[in-house]
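Just so you know, ligand 1 is whichever comes first in the structure, and atom 1 is the first atom listed for that ligand.
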Amino acid sequence: MRAFTVQAGGGLALTAERPVPDPSAGEVRVKVMATSLNARDRLIVSGDYSVDAQGRVPLSDGAGVVEAVGDGVSRFRVGDRVVGTFHPTWLYGPFPGWGELRGTHHDGWLTDYVVLDQQSLVAVPDVLSFEEAATLPCAALTAWSAVKGVGTGDTLLVQGSGGVSVFALQFARLAGARVVATTSDSDKAGRLVALGASGVVNYTETPHWGTQVRELTGGGASRVLEIGGAGTLAQSVEAVAHGGEIALVGNLAPGDGMDVNHFFRRAAILRSISVGSRSDFERMNETITRGGLRPVIDRVFPFDEAPEAVAHFERGPHFGKVVISQSA
Ligand SMILES: NC(=O)c1ccc[n+]([C@@H]2O[C@H](COP(=O)([O-])OP(=O)(O)OC[C@H]3O[C@@H](n4cnc5c(N)ncnc54)[C@H](OP(=O)(O)O)[C@@H]3O)[C@@H](O)[C@H]2O)c1
């Protein structure tokens, strides 16, 4: 079977020589149909991640069809459509801490077949294609966890138009919340409005965008999706409403952090997000099905063009998710 692996010093190499793996007890073999890229994968492939992944098959997220099952498998049958979980052993309850993940400690999905513990998979919602399902494990579930509890009466601020932010916008709109967004690009601003954002601020033209968000929201956003981290947190504190919540998700923007005194004056909550559990994933899928939510896919690359997909993602023109299709 085919597989891409991470090279010493960064980059991907393709091999066609790997044997198709067989499932042991409790495991299933999945024929991979589609995978998607996340910011973490970009760091892994370039060799800049905190865990050395040289020689590993990368990508934490993928979807496919169960092709064989080992002894004692009860969750799935041959022919079922499945999608992997990001945290393979976090099934439910509070976050147990960062364990061993696919793409770093274990081989990931950028290959033709994976063998996985039956517990680390969930069913693909009937309404979604494999390409759409492959976008869910990291970005969608992170967004779902970050906007948990958002409803009518809330205003959510999302930063940028990457995978996590676009999903957060969609979940918040489904829940009846108002959404404002930041972006660096005027075309993307139009697309954010088309998805339901009621206001968009260009964060490159307006470096102190927090003040503008306060004005747009009439006193601040009750919920903030923090994507930039240290480089944007000061503006998020400016943008958040009194008593509001900032969900700390990403660290795309380098910087000095925030003025702690200013944070105290907002009486705000800072909550860190770590994707979500399998049971969160299943609840999210129910919402996706009930609400008719369709993941926003920027572009689908064929499997052989995985390096081009990573380069496209790295350049940053994408809106929503970048997908690689094993069947294209
Ligand atoms: N904590 C968790 O559980 C978790 C899970 C998933 C991801 N993450 C993190 O969340 C972040 C986003 O992940 P992703 O997969 O959505 O990445 P992505 O798809 O690559 O998102 C990139 C987009 O983020 C926006 N962006 C970049 N710098 C920004 C800034 N200074 N201010 C506002 N927006 C900015 C840009 O949007 P525009 O082009 O519109 O300007 C850019 O296109 C990453 O840091 C990732 O590691 C964390």
Asker: Evaluate side-chain hydrogen bond (donor to acceptor under 3.5 Å, both in side chains) for Thr104 paired with Arg40, printing each intermediate quantity in order.
Answerer: CA-CA 10 Å; Thr104 44; Arg40 173 177 171 270; 2.8 Å; yes

Asker: Could you tell me, atom by atom, which parts of ligand 1 come under 4.0 Å of a heavy atom of Gly163?
Answerer: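 So the answer, numbered in order with elements, is 16 (O), 19 (O).
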
Asker: Against ligand 1, does Lys188 come closer than 4.0 Å with any heavy atom?
Answerer: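 Yes.
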
Asker: Would a search of protein heavy atoms around atom 42 (C) of ligand 1 find one under 4.0 Å away?
Answerer: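 When distances to the protein are checked, atom 42 (C) of ligand 1 has no heavy atom within 4.0 Å.
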
Asker: Run the numbers for me: atoms of ligand 1, each under 4.0 Å from some heavy atom of Ile273, listed by number.
Answerer: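 Those atoms are 1 (N), 2 (C), 3 (O).
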
Asker: Among all protein heavy atoms in this structure, tell me which lies nearest to atom 17 (O) of ligand 1, with the distance rounded to 0.1 Å.
Answerer: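 The answer is Ala39 CB, 4.0 Å.
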
Asker: Assess, by modelled atom type and distance only, whether the side chains of Asp280 and Ser277 contain a donor and an acceptor separated by less than 3.5 Å.
Answerer: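 Their side chains do contain a donor-acceptor pair, which is all the 3.5 Å distance test asks for.
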
Asker: Look at atom 28 (N) of ligand 1 and say which protein heavy atom is nearest, naming residue and atom and giving the distance to 0.1 Å.
Answerer: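 Of the protein heavy atoms, Tyr203 OH, 3.8 Å lies nearest.
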
Asker: Test Trp144 against Phe171 for ring pair (Phe, Tyr, Trp, His ring centres under 6.0 Å), laying out the working first.
Answerer: CA-CA 7 Å; Trp144 166 263; Phe171 285 130; 5.5 Å; yes

Asker: What residue and atom, counting heavy atoms only, is the protein's closest point to atom 11 (C) of ligand 1, and at what distance?
Answerer: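 Sorting protein heavy atoms by distance from atom 11 (C) of ligand 1 puts Gly250 CA, 3.7 Å first.
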
Asker: If you count the atoms of ligand 1 from 1 in the order shown, which ones are under 4.0 Å from a heavy atom of Ala253?
Answerer: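 Per the distance check, 31 (N).
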
Asker: Verify the neighbour count for atom CG of Asp126: are there more than 12 heavy atoms of other residues, nucleotides or ligands below 6.0 Å?
Answerer: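 Incorrect, the count does not exceed 12.
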
Asker: Using distance alone, determine whether Leu248 and ligand 1 share an N or O pair under 3.5 Å.
Answerer: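 No; every N/O pair is 3.5 Å or more apart.
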
Asker: How far is atom 18 (P) of ligand 1 from the closest protein heavy atom, and which atom is that?
Answerer: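 Nearest neighbour among protein heavy atoms for atom 18 (P) of ligand 1, to 0.1 Å: His318 NE2, 3.5 Å.
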
Asker: Under the salt bridge (charged side-chain N to carboxylate O under 4.0 Å, His left out) rule, what do Asp259 and Arg266 come out as? Steps first, then yes or no, please.
Answerer: CA-CA 11 Å; Asp259 177 342; Arg266 286 277 182 268; over 6 Å; no

Asker: Does Lys321 have a non-hydrogen atom less than 4.0 Å from ligand 1?
Answerer: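 The answer is no, since Lys321 has no heavy atom less than 4.0 Å from ligand 1.
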
Asker: Measure the distance from atom 48 (C) of ligand 1 to every protein heavy atom, then report the residue, atom name and distance (to 0.1 Å) of the closest one.
Answerer: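 It is Val249 O, 2.9 Å.
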
Asker: Considering Val166, Leu252, Thr135, Thr232, which one's heavy-atom position lies nearest to atom 22 (C) of ligand 1?
Answerer: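 Among Val166, Leu252, Thr135, Thr232, the closest heavy atom to atom 22 (C) of ligand 1 comes from Leu252.
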
Asker: Quick one: nearest non-hydrogen protein atom to atom 25 (C) of ligand 1, plus distance?
Answerer: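 For this ligand atom, the closest protein heavy atom is Gly160 CA, 3.8 Å.
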
Asker: Treating Arg173 as the side-chain partner and Gly196 as the backbone partner, does any N or O pair qualify as donor plus acceptor under 3.5 Å?
Answerer: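 Present.
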
Asker: Under 3.5 Å between some N or O of ligand 1 and some N or O of Phe313?
Answerer: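 Such a contact does not occur with ligand 1.
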
Asker: Determine whether the side chain, the backbone, both or neither of Phe319 has a heavy atom under 4.0 Å from any heavy atom of ligand 1.
Answerer: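 No part of Phe319 is near ligand 1 at this cut-off.
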
Asker: Taking Arg223 for its side chain and Ala146 for its backbone only, find out whether a donor-acceptor pair lies under 3.5 Å.
Answerer: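 Present.
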
Asker: Is Gly228 in polar range of ligand 1, meaning some N or O pair under 3.5 Å apart?
Answerer: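 Looking only at distances, the answer is no, because the N/O contact criterion of under 3.5 Å is not met.
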
Asker: Would you say the side chains of Asp48 and Ser46 form a donor-acceptor pair under 3.5 Å?
Answerer: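 A donor-acceptor contact under 3.5 Å links the two side chains.
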
Asker: Return the option from Thr142, Val164, Asp41 holding the heavy atom at the smallest distance from atom 14 (P) of ligand 1.
Answerer: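 Going through Thr142, Val164, Asp41 one by one, Val164 has the nearest heavy atom to atom 14 (P) of ligand 1.
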
Asker: Is it true that a side-chain atom of Asp61 and a backbone atom of Thr35 form a donor plus acceptor pair closer than 3.5 Å?
Answerer: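 No, the answer is negative, given that no donor and acceptor are paired below the 3.5 Å cut-off.
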
Asker: Just go through Cys138, Ser161, Gly162 and tell me whose heavy atom is the nearest to atom 21 (O) of ligand 1.
Answerer: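 That would be Gly162.
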
Asker: Between Phe4 and Phe303, which heavy-atom pair has the shortest distance, and what is it?
Answerer: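 Shortest heavy-atom contact: CE1-O, 3.3 Å.
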
Asker: So which atom in Leu128 and which in Arg294 form the shortest heavy-atom distance, rounded to 0.1 Å?
Answerer: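 Looks like CD2-NE, 3.9 Å.
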
Asker: Got the closest protein heavy atom to atom 45 (O) of ligand 1, with its distance?
Answerer: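 The answer is Asn251 N, 3.1 Å.
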
Asker: Within the structure, does Trp98 bring an N/O atom to less than 3.5 angstrom of an N/O atom in ligand 1?
Answerer: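 Checking ligand 1 against Trp98, no N or O pair falls under 3.5 Å apart.
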
Asker: With only distance considered, is Thr183 within less than 3.5 Å of ligand 1 through an N or O on each side?
Answerer: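 There is such a contact, yes.
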
Asker: Does ligand 1 have a heavy atom under 4.0 Å from the side chain of Ser274, from its backbone, from both, or from neither?
Answerer: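 Just the backbone.
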
Asker: Is it possible for you to check whether Arg278 lies under 6.0 Å from the centre of the six-membered ring of Tyr92, through NZ or CZ, and within 45° of that ring's axis?
Answerer: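 Negative - Arg278 is either too far from the ring of Tyr92 or too far off its axis.
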
Asker: Please tell me whether Glu226 and Ser236 have a donor and an acceptor in their side chains that are separated by less than 3.5 angstrom.
Answerer: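 On atom types as modelled, these side chains qualify, holding a pair under 3.5 Å.
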
Asker: Just to be sure I read this right, does ligand 1 sit under 4.0 Å from the backbone of Arg42, its side chain, both, or neither, counting only heavy atoms?
Answerer: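 The answer is the side chain.
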
Asker: Could you check whether any side-chain N or O of Arg102 sits under 3.5 Å from a backbone N or O of Thr85, counting only pairs where one atom can act as donor and the other as acceptor?
Answerer: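 Here the side-chain-to-backbone pair exists.
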
Asker: Is the NE2 atom of His262 crowded by more than 12 outside heavy atoms at less than 6.0 Å?
Answerer: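 Above 12, so yes.
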
Asker: Can you pull out the closest protein heavy atom to atom 3 (O) of ligand 1? Residue, atom name and distance to 0.1 Å, please.
Answerer: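 It is Val275 N, 2.8 Å.
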
